[in-house]
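Written out below as structure tokens is the structure these notes cover.
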Amino acid sequence: MKRGKPARRPELLNQDDHVILSTYGSEYRGIVQYYLLAGDVFRLARLQWVMETSMLMTLANKHRSTVSTMARKYAATIETPHGPRKCFEARVERTGRKPLVGRFGGIPLRRNKKTVINDCRLAPVNTKRKELVTRLLAGRCEACGRVDAVEVHHVAKLADLGRPGNRPPWADLMAARHRKTLVVCGTCHADIHGKRPAPALAE
């Protein structure tokens with residue numbers, strides 16, 4: 001939130017829609033499931049509205065669209081033990097495999113007296129590695145958008161990409177995301193190595 005109102009999250013603007021919905025969904029789900037023992041868990045409806053609005057604003061800003069358009073595009077309904085519930089979903093179809101589904105909402109805000117909370121110490125997580133694995137599992141080329149077998153192109157440092165205005169589109173994409181890795185299909189990967197600029201890029 002910003003100044004008491006839901007706000008977009010600029011750090012997520014360069015991520016895929018699936019990643020954006022998954023990020024909001026996992027954060028919201030973690031909070032709700034932790035507080036399902038509370039008698040007034042229904043009060044989290046306010047949190048749901050704030051996070052939902054922030055998510056839609058982030059998507060709208062990314063696609064230069066409107067919140068209502070994004071809401072219609074990703075609206076979905078799922079079945080729950082308490083009946084159907086509305087939610088938002090972004091799917092990434094994959095050939096020969098189940099689609100990746102990023103979901104926000106769809107959790108009934110009803111008290112569950114049988115909920116068991118296990119507070120376990122979590123092992124340290126390498127966030128960058130987790131993000132890269134998610135991008136690889138999506139199986140989508142981040143350069144052309146094609147869903148196919150993918151590879152990872154990476155550079156030793158962002159400075160190797162060259163200066164703005166004097167570098168190819170794929171280098172601009174890596175610079176915009178502040179990532180030294182780019183998940184691409186075989187065709188785009190070959191094209192990158194065939195047309196790369198003067199600074200040698202690490203493979």
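Ion pairing between a basic and an acidic side chain is recognised when a charged N comes within 4.0 Å of a carboxylate O; K62 and D17 show such pairing.
Contact record, E93 with V147: O-CG1, 3.2 Å, taken as the closest heavy-atom pair. The shortest heavy-atom contact between C141 and C185 is SG-N, 3.4 Å. Across all non-hydrogen atoms, the minimal contact from R9 to E27 is NH1-OE1, 3.0 Å. P6 and M57 make their closest contact through O-SD, 3.5 Å (heavy atoms, listed as atom of the first residue, atom of the second, distance). The two atoms that bring M1 and G4 nearest to each other are CE-O, 3.1 Å, heavy atoms only. Smallest separation of non-hydrogen atoms from R179 and L158: O-CD2, 3.5 Å.
To the nearest 0.5 Å, the span separating OH on Y34 from CG on L44 amounts to 13.0 Å. Taking CZ of R8 as the reference point, atom CG of N61 lies at 4.0 Å (rounded to 0.5 Å). In this structure, CG on L109 lies 11.0 Å from CG on D40, to the nearest 0.5 angstrom. In this structure, W170 CH2 and D172 CG are separated by 9.5 Å, a value rounded to the nearest 0.5 Å. With rounding to the nearest 0.5 Å, the separation of CG in N14 from CG in L173 is 8.0 Å. Distance CZ/R29 to CD1/I107: 6.0 Å, rounded to 0.5 Å.
In this structure, the side chain of R91 does not engage the main chain of P99 through any donor-acceptor pair within 3.5 Å. A donor-acceptor pair under 3.5 Å is absent between the side-chain atoms of S54 and the main chain of V50, judged by distance alone. A donor-acceptor pair is defined here as one N or O able to donate and one able to accept, closer than 3.5 Å; no such pair exists between the side chain of S65 and the backbone of A60. Checked by atom type and distance alone, the side chain of Q15 never pairs as donor or acceptor with a backbone atom of I20 at under 3.5 Å. Remark: the backbone N or O of L182 is not paired with any side-chain donor or acceptor of R177 at under 3.5 angstrom.
Linking ILVMFWY side-chain heavy atoms closer than 4.5 Å, directly or via other members, places V67 and L13 in two distinct hydrophobic clusters. Put simply, V152 and V19 are part of two different groups of oily side chains (I, L, V, M, F, W, Y) that touch within less than 4.5 Å, one to the next. Hydrophobic clustering (side-chain heavy atoms under 4.5 Å, transitive across Ile, Leu, Val, Met, Phe, Trp, Tyr) groups I31 together with V41. In the hydrophobic cluster analysis, where Ile, Leu, Val, Met, Phe, Trp and Tyr join through side-chain heavy atoms closer than 4.5 angstrom, W49 is grouped apart from M51.
A side-chain donor from one of T181 and R135 sits under 3.5 Å from a side-chain acceptor of the other.
By the neighbour-count criterion of 12 heavy atoms within 6.0 Å, atom CZ of R111 is densely surrounded, having more than that number from other residues, nucleotides or ligands.
The aromatic rings of F88 and F104 are tilted relative to each other, their planes meeting at an angle between 30° and 60°.
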Exercise. Give the intermediate values and the outcome of side chain to side chain contact (heavy atoms under 4.5 Å, CB included) for residues H153 and H193.
Key: CA-CA 9 Å; H153 177 78; H193 284 285; 3.5 Å; yes

Exercise. With side chain to side chain contact (heavy atoms under 4.5 Å, CB included) as the test, would you mind laying out the steps for R140 and H18 before giving the verdict?
Key: CA-CA 11 Å; R140 174 180 292 177; H18 168 266; over 6 Å; no

Exercise. Could you walk me through whether H63 and T69 pass side chain to side chain contact (heavy atoms under 4.5 Å, CB included), step by step?
Key: CA-CA 10 Å; H63 295 288; T69 299; over 6 Å; no

Quiz item: Does the pair K73 and L59 meet the rule for a side chain to side chain contact (heavy atoms under 4.5 Å, CB included), with working shown?
Solution: CA-CA 11 Å; K73 180 178 179 180; L59 289 168; over 6 Å; no

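Side-chain contact check for V150 versus E142: every heavy-atom pair is 4.5 Å or farther apart.
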